[in-house]
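Single-structure report; data block below.
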Amino acid sequence: MTRSTHADHFAPPPEDSLAPRNLVGLSRDDLAAEFAALGEPAFRVGQLWHWIYHRGVTDFAQMTNLAKTLRARLAERYVIERPGVATAQRSFDGTRKWLLRFGDGQEAESVHIPEEDRGTLCVSSQVGCTLTCRFCHTGTQRLVRNLSPAEILGQIMVARDALGEWPSPAEGRQITNLVMMGMGEPLYNYDNVAKALKIVMDGEGLSISKRKITLSTAGVVPAMKRCGEELNVNLAVSLHAVTDELRDQIVPLNKKYPLNQLIPACRDYPGVHNARRITFEYVMLKDVNDSPADARELVRLLKGIPAKINLIPFNPWPGAPFECSTPEAIQRFARILNDAALSAPVRTPRGQDIMAACGQLKSASRRLKAAERAGAPA
Ligand code: SAH
């Protein structure tokens, strides 16, 4: 028996070699290799790509510019699969949340937030999370596993299905922006997230540009540079505290990558300049991190970094050990930042009534014990 590595341990389940293969999540190169094996020319990859990612088709029979015989051969070997929708909810404010069920029965959530001039889709990268941030509901769910590229893309495709947004519109889209801010830590599932985002950014498919994509991290310092170089997407950093003492407590990842590593990594994030600032997320916790002294220290910490600060009123969840700061405390905090010429909008909570707001996502999935995974009855 071979020993499994940590990465294998949380990997998505291997594909069943007897079942038809899902084409979603394969890169253009992967598809070209599949086509080569079928003896088909590479230019057909572009046609297939168009059907899958631009038109949103799931049935090979609809791919009318492919020969009927090829369609039949594809249908024998492959599927174009979406995750199932276990539940769909809609908030009074128009925010929508989907609980998606993947092939192995594990579940994760994604959220669509419509605004006047744009629509943002918030996508999960893992089922559960390892980080245990104290104010985050997902943090109370242990990491179950990483999501595959197909499962990450599937969230966008399901949202497009539900919003009736195929083929990918050039204008008037309901999904203009994508944020990797759902369940999980995207930089702890970097390879799958990167593969999915490269497909998302492809201009002939889902076609969401890197300028409209933001990846949020709690500060996995060693992966930040690579993310900037390879993907060049916007970066958001969940800061939430300005001293190691407090950050160690509320964002335990800080013990591994403290502020004196995180802040320089932000300063050095590839592609950062004044027109493309890093977003720092700061959850407002009553009497914990919301004093004027905290605000002044934040100004000092971010000096020299092109930065914008999102002040996020704490969103409650059952059993949470925090309260939201008072509106006065939030205003006072924002004013100190603004006086130092830092943009610091206070985010309006969205979808709170359906537990769809920042930090409220969670699924019932749990990690099976080894014996259960091996197929023994639960
Ligand atoms: N693991 C990544 C991606 C999750 S993003 C990260 O930490 O950045 C989710 C955002 O919501 C993070 O900024 C997180 O700190 C914030 N958040 C978590 N719980 C929250 C809560 N209860 N209220 C408001 N924001 C919260």
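The analysis underlying the following values was restricted to heavy atoms, covering all of them including side chains, and did not include hydrogens, waters or symmetry mates. In this text, all values refer to a predicted model and were calculated from it rather than measured experimentally. When a ligand or atom number is given, it counts from 1 through the structure's own listing order.
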Check each atom of ligand 1 against the heavy atoms of Ala218 and keep those under 4.0 Å away; list them by number with element.
6 (C), 7 (O), 8 (O)
Note the single closest protein heavy atom to atom 25 (N) of ligand 1, along with its residue, its atom name and the distance in Å.
Cys358 CB, 3.4 Å
For Leu131 and ligand 1, does the shortest N/O to N/O distance drop below 3.5 Å?
no
Where do Arg21 and Asp30 land on the salt bridge (Lys or Arg N to Asp or Glu O under 4.0 Å) test, with the steps shown first?
CA-CA 12 Å; Arg21 186 159 189 210; Asp30 298 337; 5.9 Å; no
Do me a favour and list the nearest non-hydrogen protein atom to atom 7 (O) of ligand 1 with residue, atom name and distance?
Ser238 OG, 3.2 Å
Is the closest heavy-atom distance from Pro316 to ligand 1 below 4.0 Å?
no
Ile312 heavy atoms, cut-off 4.0 Å: which ligand 1 atoms fall inside?
24 (C), 25 (N)
Closest non-hydrogen atom pair, Val127 against Ser363
CG1-OG, 4.2 Å
Ligand 1 to Val283, heavy atom cutoff 4.0 Å, flagged ligand atoms 23 (N), 24 (C), 25 (N)
Atoms of ligand 1, numbered as shown, that sit under 4.0 Å from any heavy atom of Trp317:
22 (N)
Side-chain ion pair, Arg77 and Glu34, N-O less than 4.0 Å:
no
4.5 Å side-chain heavy-atom contact, Met63 and Leu48
yes
For residues Glu107 and Ser365, is any side-chain donor paired with an opposing acceptor at under 3.5 Å?
no
Any idea which protein heavy atom is nearest atom 18 (C) of ligand 1, and the distance to it?
Gly359 CA, 3.3 Å
Starting from atom 15 (O) of ligand 1, find the nearest protein heavy-atom neighbour and note its residue, name and distance.
His240 NE2, 2.5 Å
Ligand 1 atoms in contact with Gly184 (distance to a heavy atom under 4.0 Å)
1 (N), 2 (C), 3 (C), 4 (C)
How does Met181 reach ligand 1, by side chain, by backbone, by both or by neither, if only non-hydrogen atoms under 4.0 Å count?
both
Contact region, Thr217 to ligand 1, non-hydrogen atoms below 4.0 Å, reads backbone
Is it the case that the side chain of Arg145 and the backbone of Leu143 share a donor-acceptor pair, with hydrogens and angles ignored and the cut-off at 3.5 Å?
no
I need the nearest protein heavy-atom contact for atom 10 (C) of ligand 1: residue, atom name and distance, please.
Glu281 OE2, 3.9 Å
For atom 23 (N) of ligand 1, what is the nearest protein heavy atom, given as residue, atom name and distance?
Asn315 N, 2.9 Å
Pair Arg300 + Glu297: basic N to acidic O under 4.0 Å
yes
Between His9 and Arg367, do the side chains contain a donor N or O and an acceptor N or O under 3.5 Å apart?
yes
Quick note on ligand 1: atoms under 4.0 Å from a heavy atom of Gly182 include exactly 4 (C)
Kindly state whether the ring of Phe333 and the ring of Tyr282 have centres lying under 6.0 angstrom apart.
yes
What closest approach, in Å, do Asn189 and Leu147 show between heavy atoms, and which atom pair accounts for it?
ND2-O, 2.9 Å
